[in-house]
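Here is how names work: the chains are called A, B, and so on, in the same order as the sequence lines, proteins then strands, and each is numbered from 1.
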Number of protein chains: 2
Amino acid sequence: MMYIEIDFSSDEAIYQQLCNQIIQGIAMSRLVDGEVLPSVRQMAEDIGINMHTVNKAYTVLKQEGFVKVDRRRGAVVSVHADKEKALDQIRRDMRAVLAEARCRNLSREDVHRLVDEIYASFAEADAGTGTDTDLPG
Amino acid sequence: MMYIEIDFSSDEAIYQQLCNQIIQGIAMSRLVDGEVLPSVRQMAEDIGINMHTVNKAYTVLKQEGFVKVDRRRGAVVSVHADKEKALDQIRRDMRAVLAEARCRNLSREDVHRLVDEIYASFAEADAGTGTDTDLPG
DNA sequence: CACCTGTTATACAAATCATATAACAGGTGG
DNA sequence: CCACCTGTTATATGATTTGTATAACAGGTG
């Protein structure tokens, strides 16, 4: 199972951090389609938080289509989302980030480099798994 | 003054929406360095929200270096932020957005196109102002 | 039938969000 | 000096969110 690390001093909600880390885990192929996440009780015990906080994270992930629930197994990674459906949300979020970036005098090229850097870091952990990526070199 | 539009049914906090729209206004050069924002009381009345909600937004913008306060004039747009100081936050936010994008099967090239599209939209309103941009064509 | 899943119902404390009324400190202009 | 404008602060209140806690329920497995 992948490492989950929660920053309890962060202003970001615990369930939100958990969601983000799982999504990033999927992006890095540390979590692959069909993989079973730890049960809400197990995950809660591992991290040292309440069961309901984990459940809330799973519920959000389910609503956003990152996991599906199999009653016999539990929460299963399931990435069958199409581009178009989620694009609106991504566009909104991206717009906010880019507005800040532009105010900080980051050029379009700077952002491209940052995107490449992060996408590369996603694929790094993915190197030996045989998964195909969109990466150059 | 630029248009501010609040979505009261949104799950995003009002002061947060206000911050984002002002930052996007700066990114689009609808708000330029030295420009005076409406007073907290005026802005609150215009939008139909409480003075303190506006004040909270201004306080956040001040802490993040987007405005400075001139006691005689009020909140003044002031973008003197260096790249490096704010880069960590941008990198974190960008990483979260890109993780979701990659899970939605957006390729690196797709993201580049999205970035170009948004950056272009920033510069559009900026077209007749003589401000130099990083845009191609 | 025990045992594992997610899920739901309550309840509770703490924090956040938005509102409201009121006052204070500093700068401007009549 | 005095109204008048700024941001700012102090309190208070109500709604919502967050996280925790105990407990129970429904469905699938062995």
Filtered N/O pairs between nucleotides 7-11 of chain C and protein, under 3.5 Å:
from  : atom 1 : to      : atom 2 : distance (Å)
C/dT7 : OP1    : A/Lys62 : NZ     : 2.4
C/dT7 : O4     : A/Arg41 : NH2    : 3.2
C/dT8 : O4     : A/His52 : NE2    : 3.0
C/dA9 : N6     : A/His52 : NE2    : 2.9

Review point. Between B/Arg113 and B/Asp110, is the closest basic N to carboxylate O distance under 4.0 Å?
Key: yes

Check your understanding: In the strands shown, is D/dC4 matched to any nucleotide by a Watson-Crick or G-U wobble pair with both distances under 3.5 Å, and which?
Key -> C/dG27

Practice item. Using both distances under 3.5 Å as the test, list the Watson-Crick or G-U wobble partner of D/dT13, or none. Key: C/dA18

With a cut-off of less than 4.0 Å, is there a side-chain N or O of [X] near OP1 or OP2 of [N]?
{"X": "A/Ser39", "N": "C/dT5", "value": "yes"}
{"X": "A/Arg72", "N": "D/dT29", "value": "yes"}
{"X": "B/Tyr15", "N": "C/dA18", "value": "no"}

**Study point:** Closest contact, heavy atoms only, B/Val67 versus B/Tyr58
**Key:** CG2-O, 4.0 Å

Practice item. Determine the minimum heavy-atom distance between B/Ile6 and B/Gln21, stating which atoms define it. Key: N-NE2, 4.4 Å

Over how many whole Å does the gap from [X] atom [atom1] to [N] atom [atom2] extend?
{"X": "A/Asp70", "N": "C/dT5", "atom1": "CG", "atom2": "P", "result": "13 Å"}
{"X": "B/Met43", "N": "D/dC5", "atom1": "CE", "atom2": "C1'", "result": "17 Å"}
{"X": "A/Gln16", "N": "D/dT18", "atom1": "CD", "atom2": "P", "result": "8 Å"}

**Study point:** B/Asn50 side chain, from C-beta outward: closest of D/dT18, C/dT19, D/dT20
**Key:** C/dT19

**Study point:** Over-ring placement of B/Arg104 relative to A/Phe66, 6.0 Å and 45° cut-offs
**Key:** yes

